[in-house]
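Because the structure is a prediction, the values reported are computed rather than measured. The sequence lines fix the lettering, A, B, ..., with proteins before strands; numbering per chain opens at 1.
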Amino acid sequence: MNNSKVRVRFAPSPTGPLHMGGVRTALFNYLFAKKLGGEFILRIEDTDQTRFVPGAEEYIIESLNWCGLNPVEGPGIGGEFGPYRQSERKEIYKKYADQLVESGWAYIAFDTPEEIENLRKKAESNKETFSYGIGTRENLNNSLKLSSKEVQQKTEAGENYVIRFKMPEDLDVTEEDLIRGQVTFNTTKSLDDKVLFKSDGMPTYHLANVVDDHLMKITHVIRGEEWLPSMPLHVLLYRALGWEETRPRFAHLPLILKPVGKGKLSKRDGDKMGFPVFPLKWNDPETGESFHGYREDGYFPEAFINLLALLGWNPGTEQEFFSVDELSEIFSLERVVKSGSRFDPEKAKWFNKHYFQQKSVEDLTQLFKPILKEKGVVATDEKIQKVVAEIKERCEFVNDLWDQSSYFFESPKEYDAQTVKKRWKEDTGAQLDEITTVFDSVSTWKADSIKESFSAFMNEKGWGFGAIMNPLRLCLVGGNMGPDLFLICEILGKEETISRIKTAIEKIAKL
RNA sequence: GGCCCGUUCGUCUAGCGGUUAGGACGCCAGAUUUUCAUUCUGGUAGCAGGGGUUCGAUUCCCCUACGGGCUACCA
């Protein structure tokens, strides 16, 4: 096989947004290439004109970009093996299809889709499955049955035809999958005569894929498990085209499964369970539907990549946090798991939390500012930074910052009913009123000194801390959450603190 | 239905003939925090079933069950 420089490709089709399984495939390709000092390229497989979705290609490229998985060759990037969009390589494929017909590895078939559909239905009514191939092809409308003269007449008359692979009979095709080991398929038992070239002048995936991988000098095909059944076809195609010596090796990745229920992860699972399935937000141009994205939901790309890497792969050590660079050092296909893995949204959050906590207060402040602006909050960077420093450890997403800190920027709109019921006693209002006087007399408005004055007063009165601290917190934040109370006072400022207490006493009395 | 792939705590996984079956997420408990959260400590829970092979099987082989994928002029 191939001893030259490692070259791998990620080859999505632009039929919609790339989902996280696709990103993982791209990631593993990328890591494999990096590890071996090879090249990672992007190729757009848009041979099905009927399924083209506007914006999908841009989405794919932007997603890879957000994840930092940048190809060295691809559409919009260029490279010596371009173009990298199969629709732009259309002319290339026909030649190879014809070559296969000439060499007897393929044949021309005139059967219309309707005819085949009928055969399929008929077989189905007999509880059988129709398959175009060994056993049936000799009796169908193709160049195997027709005389060459008839074939010529039909093609010259402009009749539509496809080119099908002529699957050799009873041949065991054995291939060493880099993840699964030896896999064997018997041609008669499991393979039919796949269409290689469609009547619309475009190749199918199978032909285009093999031709392009060869032309682009791809050394390793790393793709999803859904392609495993077509591996023997591809192997045979390389053989038929005479490219066996240089053909790539295969590795089939396990699939990502739904968190609960049956089957592989799909588009709508996310909205059902409240997690994104796509890297970026996607608005479907046809249905108008909107899907969540990791980016917009506040995940950091580092976290997204990290969680993806550990879904179906592990380093063999107990380390769980990895940068892309680290992964590039230690990634290997041997450590890819064979079975499909259920996606766990909880663990995904945990990964993000880790990266969130790694961020500096300064960085988080910058990320928080646009959110505050959106909320109509005006505050100095100094205050925002102070707040962020206090609440950082309670958050796992940038979006949590507001939920954990809104009371620093606006006074409570309501008071948590449960806390009121539990903590607000008959004389609480009067006691808190006295506290405002104490606060008013604090000269240096710093957490320490506020606490000092407060404690002295409490001791003098002989009041229980618990009986005052909790309702006091209620007045200032509206509930029983938040960091140290005196720090909150400090950040709020003396005036605001006192005013909030007074407002609360009034409002709660009315409840 | 046919073909192929797979099966270790609820989930992600380590294990590559002899281990008290390890870690992580989640969950539970305790400690700290005069709140809540964080943090720390501890706990809970697993080799799908049945046959072989072997002195010995989670580990190797076979069968069954279950799960997954494919079975288009879609990728």
Seminar exercise, completed: note: A:E393, atom CD; B:A37, atom C1'; distance rounded to Å ~ 8 Å
For this session: Check every strand shown and say whether A:G224 touches a base, only sugar-phosphate, or nothing at a heavy-atom separation below 4.0 Å.
Result: nothing
For this session: Please check if atom NZ in A:K451 has more than 12 non-hydrogen atoms from other residues, nucleotides or ligands closer than 6.0 Å.
Result: no
Problem set entry | Sugar-phosphate, base or nothing in reach of A:K262, heavy atoms under 4.0 Å | sugar-phosphate
Problem set entry | Nearest-neighbour nucleotide for the A:V183 side chain, B:C25, B:C4, B:U7 considered | B:C4
Exercise. In whole Å, what is the span from the CH2 atom of A:W350 to the P atom of B:U38?
Worked result: 15 Å
Problem set entry | Centroid-centroid under 6.0 Å between A:Y238 and A:H214 rings | no
Exercise. Who is the Watson-Crick or G-U wobble partner of B:C3, with both distances under 3.5 Å?
Worked result: B:G69
Exercise. When the ring centroid of A:F278 is compared with that of A:Y294, is the distance short of 6.0 Å?
Worked result: no
For this session: Could you tell me whether A:E452 atom CD has more than 12 heavy atoms of other residues or ligands within 6.0 Å of it?
Result: no
Exercise. Around A:Q357, counting heavy atoms of other residues, nucleotides and ligands shown, do more than 12 lie under 6.0 Å from its CD?
Worked result: yes
Exercise. Can you check whether A:A456's main-chain N or O pairs, donor with acceptor, with A:K461's side chain at less than 3.5 Å?
Worked result: no
Exercise. Of all the choices, B:G69, B:U35, B:A37, which nucleotide is nearest to the side chain of A:R423 once you look at every atom?
Worked result: B:U35
Exercise. For A:K421, does the NZ atom have more than 12 heavy-atom neighbours from other residues, nucleotides or ligands under 6.0 Å away?
Worked result: no
For this session: Identify whether any heavy atom of A:T184 sits under 4.0 Å from a base atom; if not, whether one sits that close to sugar-phosphate; answer base, sugar-phosphate or nothing.
Result: sugar-phosphate
Exercise. Between A:L308 and A:W313, does a side chain to side chain contact (heavy atoms under 4.5 Å, CB included) hold up when you go through it step by step?
Worked result: CA-CA 9 Å; A:L308 243 27; A:W313 174 87; over 6 Å; no
Exercise. Base, sugar-phosphate, or nothing for A:D177, non-hydrogen atoms under 4.0 angstrom?
Worked result: nothing
Exercise. What's the closest nucleotide to the A:V337 side chain, out of B:A14, B:G23, B:C5?
Worked result: B:A14
For this session: Identify whether any heavy atom of A:R335 sits under 4.0 Å from a base atom; if not, whether one sits that close to sugar-phosphate; answer base, sugar-phosphate or nothing.
Result: sugar-phosphate
Exercise. Base, sugar-phosphate, or nothing: which does A:R473 touch, judged by heavy atoms less than 4.0 Å apart?
Worked result: base
Problem set entry | Residue A:E346, side-chain heavy atoms: nucleotide from B:A24, B:G26, B:G6 that is nearest | B:G26
Problem set entry | Nearest-Å distance for atom pair CH2/P, residues A:W313 and B:C12 | 17 Å
For this session: Report the distance from atom CG of A:L311 to atom C1' of B:C25, rounded to the nearest whole Å.
Result: 12 Å
Exercise. How long is the line joining CG of A:L474 and C1' of B:U34, in whole Å?
Worked result: 16 Å
Exercise. Base, sugar-phosphate, or nothing: which does A:P483 touch, judged by heavy atoms less than 4.0 Å apart?
Worked result: base
Exercise. Between A:W463 and A:F457, is the ring centre distance below 6.0 Å?
Worked result: yes
Seminar exercise, completed: Looking only at B:G6, B:U11, B:C74, the nucleotide nearest the A:D48 side chain is B:C74
Exercise. Contact class for A:F185 vs. all strands (heavy atom < 4.0 Å): base, sugar-phosphate, or nothing?
Worked result: sugar-phosphate
Exercise. For the side chain of A:N480, counting heavy atoms from C-beta on, which of B:A37, B:U35, B:U13 is nearest?
Worked result: B:U35
For this session: Name the closest nucleotide to the A:D344 side chain, picking from B:A37, B:G10, B:U34.
Result: B:G10
For this session: Would you mind classifying the nucleic acid contact of A:V477 as base, sugar-phosphate or nothing, using non-hydrogen atoms under 4.0 angstrom?
Result: nothing
Could you write out each protein N or O paired with an N or O of nucleotides 70-73 of chain B at a distance under 3.5 Å?
from	atom 1	to	atom 2	distance (Å)
B:C73	OP2	A:R164	NH2	3.3
B:C73	O2	A:S199	N	2.9
B:C73	O2	A:S199	OG	2.7
B:C73	N3	A:S199	OG	3.0
B:C73	N4	A:D111	O	3.1

Exercise. So what does A:G263 hit on the nucleic acid, given a heavy-atom distance under 4.0 Å: a base, only sugar-phosphate, or nothing?
Worked result: sugar-phosphate
Exercise. Nearest-Å distance, NZ (A:K189) to P (B:C3)?
Worked result: 6 Å
For this session: For A:K392 and B:U39, give me the distance from atom NZ to atom P, rounded to whole Å.
Result: 12 Å
Exercise. Taking the C1' atom of each, how far is B:U58 from B:G50, in whole Å?
Worked result: 16 Å
Exercise. Reckon A:K353 touches a base, only the sugar-phosphate, or nothing at all at heavy-atom distances under 4.0 Å?
Worked result: sugar-phosphate
Exercise. Under 4.0 angstrom, heavy atoms only, what part of the nucleic acid is A:G482 near: base, sugar-phosphate, or nothing?
Worked result: base
Exercise. If we call it a pair only when both distances are under 3.5 Å in a Watson-Crick or G-U wobble match, what pairs with B:G18?
Worked result: B:C55
Problem set entry | Distance in angstrom units between A:E334 CD and B:A14 P, rounded | 14 Å
